[in-house]
Amino acid sequence: MAPGYWLMKTEPDTFGIHDLARVGTEPWTGVRNYTARNFMRDEMKEGDLVLFYHSSCEPPGVAGLARVARTGVVDETQFEPSSPYHDPGAKREEPRWICVDVAYVETLPRLVALDELRGNPALADMLVLRRGMRLSVQPVTAADYRTIVAMAKKPPRSSASARTERTAKASRPARRPPGRAVRTKRAR
DNA sequence: GCCAACGTTGGC
DNA sequence: GCCAACGTTGGC
């Protein structure tokens, strides 16, 4: 069966591609979003390939490749009162948070930065490029996966084109489309 | 079942 | 540190 393709986000300060390289395999605990969980629990298959994405860092981007090594893994942190991921509502006999084991495949020759993903028209439909997309586990197409791997094996675009992009970015429209209701500020 | 409040994500 | 976006919670 053909593998599926995914993008998984992680903060490199907490657990990056070098940590994965060191440990080899890691249970992907701590995901507390139902959509992300459902992808891991219901859609991922052993052997699926993963773009390992560094977020909340400078620059964010795809840093490496990984593979789904095992599915149906119970996220033990849900039962650990001392864990930030503790879920008081989770029961042993009916675990709420199921994840996968992620295995190291390779560190890409260079990080393919978010800016660069944005700059490649072939990747225009990638979920991770959508405004407000916070999902930490998301599907990608085989074509996008291959495109990004190929990008990593070529030199980055020149700093001149990066400059052009920054200029374009500076003049991009405000994030909120005009005419859209502004959310009331909540009292703190 | 609605929806305001609130907490979190994550690029900037 | 800011704040848009969005998921969850809980009063009704």
Side-chain angles (χ1 to χ4, degrees), chain A residues 6-20 26-44 50-64 66 75 77-91 94-100 102 108 110-121 123-140 144 148 151-152 156-157 159 161-188:
Chain A
W6 305 93
L7 180 146
M8 298 175 87
K9 295 182 190 174
T10 179
E11 301 189 6
D13 288 352
T14 306
F15 190 89
I17 190 69
H18 295 109
D19 298 297
L20 187 62
E26 179 76 3
W28 210 248
T29 59
V31 172
R32 292 294 178 270
N33 170 284
Y34 287 104
T35 305
R37 179 205 66 180
N38 293 347
F39 279 137
M40 290 197 288
R41 188 191 62 183
D42 307 333
E43 309 282 335
M44 280 188 176
V50 176
L51 296 170
F52 198 87
Y53 181 93
H54 284 179
S55 67
S56 294
C57 58
E58 189 49 48
V62 177
D75 179 341
T77 63
Q78 69 192 302
F79 304 120
E80 294 165 4
S82 64
S83 168
Y85 304 117
H86 179 232
D87 182 349
K91 298 193 213 87
E94 198 183 344
R96 181 176 291 171
W97 303 104
I98 303 293
C99 63
V100 299
V102 172
L108 288 173
R110 64 183 187 81
L111 180 129
V112 183
L114 178 60
D115 264 1
E116 205 181 339
L117 301 179
R118 285 223 162 84
N120 187 340
L123 301 176
D125 291 334
M126 278 194 86
L127 289 176
V128 74
L129 303 184
R130 288 209 194 144
R131 194 152 54 90
M133 172 50 65
R134 304 180 307 183
L135 205 55
S136 66
V137 176
Q138 47 183 273
V140 299
D144 289 348
I148 291 167
M151 287 167 83
R157 293 169 313 140
S159 56
S161 62
R163 213 172 303 126
T164 304
E165 184 179 323
R166 267 196 298 279
T167 308
K169 219 157 142 184
S171 62
R172 77 181 197 259
R175 283 199 185 179
R176 191 187 316 110
R180 176 90 176 273
V182 178
R183 203 182 161 82
T184 329
K185 267 264 186 296
R186 57 182 178 269
R188 300 256 175 189

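Throughout, protein chains are lettered first and strands after them, A, B, ... in sequence-line order, and every chain is numbered starting at 1.
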Legend entry - Arg134(A) side chain, from C-beta outward: closest of dG7(C), dC12(B), dG11(B): dG7(C)
Legend entry - Nearest-0.5 Å distance that lies between atom CH2 in Trp6(A) and atom CD in Glu43(A): 5.5 Å
Inset, instruction - State whether Lys9(A) places a side-chain N or O below 4.0 Å from either non-bridging phosphate oxygen (OP1 or OP2) of dG10(B). - result: yes
Inset, instruction - Please check if the distance between the ring centroids of Tyr34(A) and Trp97(A) is under 6.0 Å. - result: yes
Inset, instruction - Could you tell me the separation between the CG atom of Asn33(A) and the P atom of dT8(C), rounded to a whole number of Å? - result: 6 Å
Inset, instruction - Could you tell me which residues satisfy side chain to side chain contact (heavy atoms under 4.5 Å, CB included) with Ser136(A), sequence neighbours excluded, listed by chain and number? - result: Lys9(A), Val31(A), Ala36(A)
Inset, instruction - Calculate the interatomic distance between Glu58(A) atom CD and dG10(B) atom P; express it in whole Å. - result: 15 Å
Inset, instruction - Check the distance between dT9(B)'s C1' and Met8(A)'s CE and give it to me in whole angstrom. - result: 17 Å
Legend entry - Below 4.0 Å: OP1/OP2 of dC12(B) and any side-chain N or O of Arg118(A): yes
Legend entry - side-chain N/O Tyr34(A) vs dC6(C) OP1/OP2, d < 4.0 Å: no
Inset, instruction - Return the value, rounded to whole Å, for the distance between atom CG of Asp87(A) and atom P of dT8(C). - result: 12 Å
Inset, instruction - Flag the pair Phe52(A) / Trp28(A) as yes when their ring centroid distance falls below 6.0 Å, and as no otherwise. - result: yes
Legend entry - Helix axis bend for the helix from dG1(B)-dC12(C) to dC12(B)-dG1(C) - C1'-based end axes, five pairs, 10° rounding: 10°
Inset, instruction - Please report, rounded to the nearest Å, how far the C1' atom of dG7(C) is from the CZ atom of Arg96(A). - result: 15 Å
Inset, instruction - Side-chain contact test, heavy atoms from C-beta onward, threshold under 4.5 Å: evaluate it for Met8(A) versus Met40(A) and give yes or no. - result: yes
Inset, instruction - Would you confirm whether Gln78(A), through its side chain, and Tyr85(A), through its main-chain N or O, come within 3.5 Å as a donor-acceptor pair? - result: no
Inset, instruction - Starting from P on dG7(C), measure out to CG on Asn38(A) and report it in whole angstrom. - result: 13 Å
Inset, instruction - Round to a whole Å and report the spacing from CZ of Arg32(A) to C1' of dC6(C). - result: 19 Å
Legend entry - Arg41(A) and Asp75(A) ion-paired at < 4.0 Å: no
Inset, instruction - To the nearest Å, give me how far apart NE2 (His54(A)) and C1' (dG11(B)) are. - result: 16 Å
